[in-house]
Enquirer: 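Handing you this structure, nothing more for now.
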Amino acid sequence: MKRGAQVAIAVTLLTCGSAVAQGMWNQSGPATGSVTLTLGREASLVSGREGNTAQSVRLWLGPEGVTSAPVTDRAWLDAVGFGTPGEIATARHGYAVLDVGAEPGADGLTVVDIGREPAELLARYPDRSRYLVTPASIRSRIPGAQGDSLGTIYLTPNALHVPRGAQAGDRVEVRTGRSGIPYVVGGRGR
Amino acid sequence: MASRTEAQQRADRIQAFRAELGEVEGELGPILSEETRSRLNAHHDATLATLAAQWDIDRNAGEHQLSLGMRVASLVGAIALVAAVVTFFYRIWGLIPTAAQLLIVTVLPIAFVLGTDYATRHERKHYFATITVLLAVGSFALALAVIAGIYNLPPSPFATVAWGVFTLALGLGYRFGLLVYAGMLVLAFGLVGVLLRLQGLDWSPDSGRLDLHLLMGLLVVAMPSLLRGRLDENLAEMVRLAGMTLAAAAIVFCAGNGRLSVLPMRPGVVEGIYDVAGFGLGAVMLWLGLRNRWRWSARAAGGFLVLFTYIKAFDWWWELLPNYVFFLILGAIAIGALVVLRRIRMSVREVTP
């Protein structure tokens with residue numbers, strides 16, 4: 001077998017193995033957060049679209065279908081390392097804190113804080129059944145752009161894999177793992 | 001002969017020699033004695049037979065056309081089969097347990113790599129190997145996407161680097177130029193992503209800091225020269241093309257939006273700098289390509305210069321000028337480019353008769 005094939009096989013085993021290990025390690029051990037979401041109110045179920053039989057849950061950052069949130073506090077941008085606001089069009093990797101019960105009766109989750117490290121945010125928001133910490137991409141506002149927002153927050157990823165079947169109207173439990181990556185435990189209330 | 005390309009070039013030279021000899025003898029009459037002619041023909045026939053047996057080269061124009069058709073068919077077939085594998089997996093993965101999903105996506109690329117190795121041992125022209133190797137590359141991408149999807153892993157530049165290394169390893173190992181180009185491009189893009197990610201920055205290209213992509217592209221262009229001939233020239237050209245693609249993309253975007261650069265200047269000034277950089281880089285690459293006989297690099301540089309000129313013409317004049325004047329200028333630019341390229345062609349002909 002040629003060396004190119006040997007390298008390709010080694011890369012496959014190494015990459016797939018490390019990705020699976022990362023995912024399993026995140027989901028092993030005690031969860032650092034656990035919130036329950038109602039499908040159709042705080043998240044939507046994505047399933048059976050375009051020939052894809054897998055299911056995922058898309059978190060709402062506002063009314064139905066909204067998957068990004070504005071940055072309203074200048075300190076948030078500082079927290080993830082931005083310099084002068086909007087000096088260049090760029091984005092930073094960070095974590096967002098989502099509040100499940102910020103506004104009773106309102107649809108969607110509310111972003112209440114962002115930061116660089118999930119541990120800091122978990123310490124600041126200790127109510128594990130109310131706050132969900134999740135990876136996010138934070139983009140600063142481009143100078144000249146319209147609106148009051150200082151930037152935009154996107155969840156990465158913005159859809160969580162559902163290991164077992166779920167239906168619209170179900171309640172699903174979303175936990176935050178050891179690495180700060182959220183995951184769905186399974187459908188509930190069927 | 002060290003490669004099939006060299007074998008094909010030898011066969012092409014023999015065919016060209018025979019054709020030209022026929023033309024000359026048609027004009028001047030027989031110029032070779034019967035003994036010389038028969039010795040020459042016997043030697044060429046034996047050489048062609050040996051090359052055909054060893055490398056499966058095309059011995060005439062008809063075979064060449066058929067080979068071209070078969071290459072296109074294998075490429076189209078490979079793309080269709082990759083689409084079939086990916087869409088079929090997405091059709092069934094919700095119906096099978098997670099462990100089976102992980103097992104399938106991990107085994108698939110390995111199986112196709114082994115299939116590629118088998119195919120390259122049993123056919124010299126790599127028609128079926130093209131199919132299996134593209135299936136391997138597509139399956140590897142599927143594995144990365146599925147595992148990231150199952151565990152909700154954020155997009156990672158390390159995964160992009162791994163995909164690039166995988167593709168490049170197969171391209172270099174089995175001499176697939178297209179894979180060397182794609183693998184090098186993905187690897188270079190991923191490495192820039194790793195640098196950005198280590199600084200806590202989002203690594204998607206629309207997040208800016210494209211100067212890093214430009215520098216990485218230039219480094220990739222220089223890589224074959226830094227390796228000092230350890231890379232086959234055809235594959236070296238693919239590496240240069242990958243670097244040029246990355247650098248050209250960074251220049252085009254920064255010239256259009258100065259905020260995508262880290263240069264500490266006003267966006268308008270940055271855009272002006274990148275305008276100059278675009279024309280400068282294109283001209284330098286064209287000169288280097290012609291000087292060093294890098295055929296693909298020279299063609300790509302010429303193409304980039306023309307395309308960049310049109311892009312800038314659109315940026316500068318589309319809103320200022322009436323449509324007919326704008327298109328008139330584009331036509332004039334095309335004629336100007338023809339005149340310049342014709343002069344370059346003539347000067348190259350004088351240097352290399």
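Given the structure is predicted, the values throughout are model-derived calculations rather than measurements. Below, chain A is the first sequence line, B the second, and so on; all start at residue 1.
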Enquirer: Against chain A, label B/Leu102 side chain, backbone, both or neither, depending on which of its atoms sit under 4.5 Å from a heavy atom there.
Expert: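 Only the side chain of B/Leu102 comes within 4.5 Å of chain A.
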Enquirer: In terms of heavy-atom pairs under 4.5 Å with chain B, which of A/Lys2, A/Gln22, A/Arg3 leads?
Expert: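 Most heavy-atom pairs within the cutoff with chain B belong to A/Lys2.
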Enquirer: Checking A/Cys16 against B/Val105 for the side chain to side chain contact (heavy atoms under 4.5 Å, CB included) test, could you report, in this order, the C-alpha distance in whole Å, the side-chain angles of both residues, the deciding distance, and whether it holds?
Expert: CA-CA 9 Å; A/Cys16 293; B/Val105 296; 5.8 Å; no
Enquirer: For A/Thr15 and B/Phe166, what are the C-alpha separation, side-chain angles and deciding distance, and is it a side chain to side chain contact (heavy atoms under 4.5 Å, CB included)?
Expert: CA-CA 10 Å; A/Thr15 309; B/Phe166 180 91; over 6 Å; no
Enquirer: For a quick test of reading the model, state the closest non-hydrogen atom pair linking A/Arg92 to B/Gln199 and the distance between them.
Expert: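 Of all heavy-atom pairs spanning A/Arg92 and B/Gln199, the closest is NH1-O, 3.5 Å.
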Enquirer: Answer with side chain, backbone, both or neither: which region of A/Ile181 has an atom nearer than 4.5 Å to a non-hydrogen atom of chain B?
Expert: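 For A/Ile181, side-chain heavy atoms alone lie under 4.5 Å from chain B.
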Enquirer: As an exercise: rank B/Trp93, B/Trp163, B/Tyr118 by heavy-atom pairs under 4.5 Å with chain A and give me the winner.
Expert: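 Maximum pair count with chain A is reached by B/Trp93.
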Enquirer: Look at atom CZ of B/Phe128 and say whether more than 12 heavy atoms of other residues, nucleotides or ligands are closer to it than 6.0 Å.
Expert: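 Counting other residues, nucleotides and ligands, CZ of B/Phe128 stays at 12 neighbours or fewer.
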Enquirer: Under 6.0 Å from the CZ atom of A/Arg178, do we count more than 12 heavy atoms belonging to anything else shown?
Expert: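 Counting neighbours around CZ of A/Arg178, more than 12 heavy atoms of other residues, nucleotides or ligands fall under 6.0 Å, so yes.
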Enquirer: Between A/Leu14, A/Ile9, A/Asn26, which residue shows the highest count of heavy-atom pairs closer than 4.5 Å to chain B?
Expert: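 Among the listed options, the one with the most contacts to chain B is A/Ile9.
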Enquirer: Could you look at A/Ala10 and say if it's the side chain, the backbone, both or neither that has a heavy atom under 4.5 Å from chain B?
Expert: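 The answer is neither part of A/Ala10.
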Enquirer: Identify the two heavy atoms, one from A/Ala19 and one from B/Tyr151, that lie closest to each other, and give their separation to 0.1 Å.
Expert: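 Taking every non-hydrogen atom into account, O-CD1, 4.4 Å.
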Enquirer: Is it the backbone or the side chain of B/Ala143 that comes under 4.5 Å from a heavy atom of chain A, or both, or neither?
Expert: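 Side chain only.
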Enquirer: State the NE2-CG distance between A/His93 and B/Leu198, to the nearest 0.5 angstrom.
Expert: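 Between atom NE2 of A/His93 and atom CG of B/Leu198 there are 11.5 Å.
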Enquirer: Measure distances from B/Thr98 to the heavy atoms of chain A and classify the residue's part below 4.5 Å as side chain, backbone, both or neither.
Expert: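 Neither part.
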Enquirer: Would you say A/Thr53's side chain and B/Tyr90's backbone share a donor-acceptor pair under 3.5 angstrom?
Expert: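 The answer is yes, because a donor-acceptor pair under 3.5 Å joins these two groups.
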Enquirer: Pick whichever of B/Leu168, B/Thr167, B/Asp117 has the most heavy-atom pairs under 4.5 Å with chain A.
Expert: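 With the most close heavy-atom pairs to chain A, the winner is B/Asp117.
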Enquirer: With a cut-off of 6.0 Å (strictly less than), are more than 12 heavy atoms of other residues, nucleotides or ligands near CZ of B/Phe253?
Expert: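 Not buried by this count: 12 neighbours or fewer within 6.0 Å.
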Enquirer: At a 4.5 Å cut-off on heavy atoms, which part of B/Leu196 comes close to chain A: side chain, backbone, both, or neither?
Expert: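 Contact with chain A involves no heavy atom of B/Leu196 at all.
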Enquirer: So which atom in A/Ala5 and which in B/Leu170 form the shortest heavy-atom distance, rounded to 0.1 Å?
Expert: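 Closest approach of A/Ala5 to B/Leu170, heavy atoms only: CA-CD2, 4.3 Å.
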Enquirer: Please determine whether the number of non-hydrogen atoms from other residues, nucleotides or ligands lying under 6.0 Å from atom CE of A/Met1 exceeds 12.
Expert: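 More than 12 within 6.0 Å, yes.
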Enquirer: Between B/Leu144, B/Leu114, B/Val113, which shows the greatest number of heavy-atom pairs under 4.5 Å with chain A?
Expert: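 Ranked by contacts with chain A, first place is B/Val113.
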Enquirer: Under a 3.5 Å distance rule, please check whether B/Asn152 uses its side chain to pair with a backbone N or O of A/His161 as donor and acceptor.
Expert: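 Looks like yes, one N/O pair under 3.5 Å.
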